[in-house]
Amino acid sequence: MDRDFLIDLFSEFGPVTIRPMFSGFGISADGTNFALALRAGLYFRADEATIPQFEAEGSTPFQYQTRAKTVTVGSYWQLPARLFDDPEELAGWARAALAAAQRAAVKKRPKAKKAVRKKSAKRAKTSS
């Protein structure tokens with residue numbers, strides 16, 4: 001998949017940013033990465049709310065091989081091939097993937113804030 005193909009594929013979804021990543025591209029919207037285009041296919045971000053939709057289509061999570069084992073990345077699932085011919089439905093899946101990526105980002109934020117608060121409290125104690 002090349003950049004022009006991906007831009008065309010996501011035309012119904014809206015503007016996307018496509019950046020080189022690993023052996024393919026990372027696809028993002030509004031600053032949030034929600035898809036990976038790799039040699040093995042197109043993978044959308046998924047979570048507990050969207051994984052059943054992928055499973056119903058017979059899709060599988062992204063996997064790659066290391067020297068020692070096969071690694072499964074359960075947060076990215078392969079887009080069903082039939083959606084390549086249906087840009088309107090693909091746009092719906094892309095919106096769901098973007099929402100899943102945004103939910104994951106929100107879950108990560110509180111941990112970072114707690115660490116900042118602890119540092120601020122330590123500074124306050126040492127400066128008193």
Side-chain angles (χ1 to χ4, degrees):
M1 282 179 253
D2 67 17
R3 183 181 301 271
D4 291 334
F5 173 78
L6 292 169
I7 289 169
D8 192 45
L9 188 65
F10 286 97
S11 62
E12 290 287 325
F13 170 74
V16 293
T17 301
I18 300 169
R19 291 195 173 96
M21 178 183 257
F22 308 120
S23 62
F25 297 102
I27 302 163
S28 60
D30 300 326
T32 302
N33 194 36
F34 71 93
L36 302 172
L38 305 170
R39 281 182 246 150
L42 185 59
Y43 295 85
F44 277 9
R45 180 69 187 219
D47 63 8
E48 62 277 347
T50 59
I51 287 174
Q53 185 178 12
F54 286 95
E55 289 175 330
E57 292 279 345
S59 294
T60 56
F62 174 61
Q63 293 183 328
Y64 64 93
Q65 191 71 38
T66 68
R67 288 185 178 150
K69 63 182 178 176
T70 299
V71 177
T72 299
V73 181
S75 57
Y76 282 90
W77 283 65
Q78 190 161 27
L79 189 69
R82 69 177 183 79
L83 296 176
F84 285 88
D85 295 326
D86 190 344
E88 210 170 287
E89 190 175 357
L90 183 137
W93 282 65
R95 283 189 284 280
L98 178 59
Q102 290 167 335
R103 286 189 294 271
V106 168
K107 286 181 182 178
K108 288 182 181 180
R109 284 189 194 133
K111 291 178 185 175
K113 289 181 181 178
K114 287 178 185 176
V116 170
R117 286 185 189 142
K118 286 179 183 176
K119 287 181 182 179
S120 298
K122 285 181 182 178
R123 285 187 193 134
K125 286 179 184 178
T126 57
S127 62
S128 325

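Nothing here was measured: the structure is a model prediction, and the numbers come from that model.
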Colleague: Can you sort out the partners of R39 under side chain to side chain contact (heavy atoms under 4.5 Å, CB included), two or more places apart, ordered by chain and number?
Modeller: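 If we apply the side chain to side chain contact (heavy atoms under 4.5 Å, CB included) test to R39, skipping adjacent residues, the hits are S23.
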Colleague: Only counting residues at least two apart or in another chain, list the ones meeting side chain to side chain contact (heavy atoms under 4.5 Å, CB included) with D30.
Modeller: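 Partners of D30 by the side chain to side chain contact (heavy atoms under 4.5 Å, CB included) criterion, ordered by chain and then number, come out as L98.
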Colleague: What verdict does the side chain to side chain contact (heavy atoms under 4.5 Å, CB included) test give for V16 and L6, after you've listed the backbone C-alpha separation in whole Å, the side-chain angles of each residue and the deciding distance to 0.1 Å?
Modeller: CA-CA 9 Å; V16 293; L6 292 169; over 6 Å; no
Colleague: Give the C-alpha distance, both sets of side-chain angles, the deciding distance and a yes or no for ring-ring contact (aromatic ring centres under 6.0 Å, His included) between W93 and F34.
Modeller: CA-CA 11 Å; W93 282 65; F34 71 93; over 10 Å; no
Colleague: If you round to the nearest 0.5 Å, how far is CG of L9 from CD1 of I18?
Modeller: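 Between atom CD1 of I18 and atom CG of L9 there are 9.0 Å.
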Colleague: Using the test side chain to side chain contact (heavy atoms under 4.5 Å, CB included), find all partners of P87 that sit at least two apart in sequence or belong to another chain.
Modeller: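 Side chain to side chain contact (heavy atoms under 4.5 Å, CB included) list for P87, sorted by chain: E12.
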Colleague: Are F13 and F5 co-members of a hydrophobic cluster defined by side-chain heavy atoms under 4.5 Å apart?
Modeller: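 Per the 4.5 Å side-chain linkage, F5 and F13 are co-clustered.
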Colleague: Kindly compute the distance separating CZ (F10) from CG (L42), expressed to the nearest 0.5 Å.
Modeller: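 Nearest 0.5 Å value for the CZ-CG distance: 5.0 Å.
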Colleague: For the residue pair F54 and A46, what are the closest heavy atoms and their distance?
Modeller: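 The answer is CE1-CB, 3.8 Å.
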Colleague: Got a sec: does the CZ of F84 have more than 12 other heavy atoms crowding it under 6.0 Å?
Modeller: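 Buried by this count: over 12 neighbours within 6.0 Å.
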Colleague: To the nearest 0.5 Å, what is the distance between CD on E57 and CD on Q78?
Modeller: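 E57 atom CD to Q78 atom CD measures 12.0 Å (nearest 0.5 Å).
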Colleague: Give, for atom CZ of R19 and atom CZ of R3, the distance between the pair rounded to the nearest 0.5 Å.
Modeller: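 Reported value, rounded in 0.5 Å steps: 9.5 Å.
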Colleague: Under the rule for salt bridge (Lys or Arg N to Asp or Glu O under 4.0 Å), what residues qualify as partners of E89, not counting sequence neighbours?
Modeller: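 Only R82 meet the salt bridge (Lys or Arg N to Asp or Glu O under 4.0 Å) criterion with E89.
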Colleague: Among residues at least two apart in sequence or on other chains, which ones pass salt bridge (Lys or Arg N to Asp or Glu O under 4.0 Å) with E88?
Modeller: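 Per chain and number, E88 pairs via salt bridge (Lys or Arg N to Asp or Glu O under 4.0 Å) with no residue.
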Colleague: Take N33 and M21 through the test side chain to side chain contact (heavy atoms under 4.5 Å, CB included) and record every step on the way to the result.
Modeller: CA-CA 11 Å; N33 194 36; M21 178 183 257; 3.9 Å; yes
Colleague: Looking at every heavy atom in both G74 and I51, which two are closest together, and how far apart are they?
Modeller: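 That would be O-CD1, 3.9 Å.
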Colleague: In a check of side chain to side chain contact (heavy atoms under 4.5 Å, CB included) between F62 and each of F44, W77, Y76, which one passes?
Modeller: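 Exactly one candidate clears the test, Y76.
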Colleague: Between atom CZ of F25 and atom CE of M1, what is the distance when rounded to the nearest 0.5 Å?
Modeller: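 Here the rounded value is 10.0 Å.
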Colleague: To the nearest 0.5 Å, what is the distance between OG (S75) and OH (Y43)?
Modeller: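 If we round to the nearest 0.5 Å, S75:OG and Y43:OH are 12.5 Å apart.
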Colleague: Taking side chain to side chain contact (heavy atoms under 4.5 Å, CB included) as the test, write out the residues that go with R103, two or more places apart.
Modeller: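 In terms of side chain to side chain contact (heavy atoms under 4.5 Å, CB included), with neighbours along the sequence ignored, R103 is linked to D47, A49, T50, A99, A100.
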Colleague: Has the side chain of T66 got a donor or acceptor atom that lies under 3.5 Å from a matching backbone atom of K69?
Modeller: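 Yes; judged by distance alone, with no hydrogens or angles, the pair exists.
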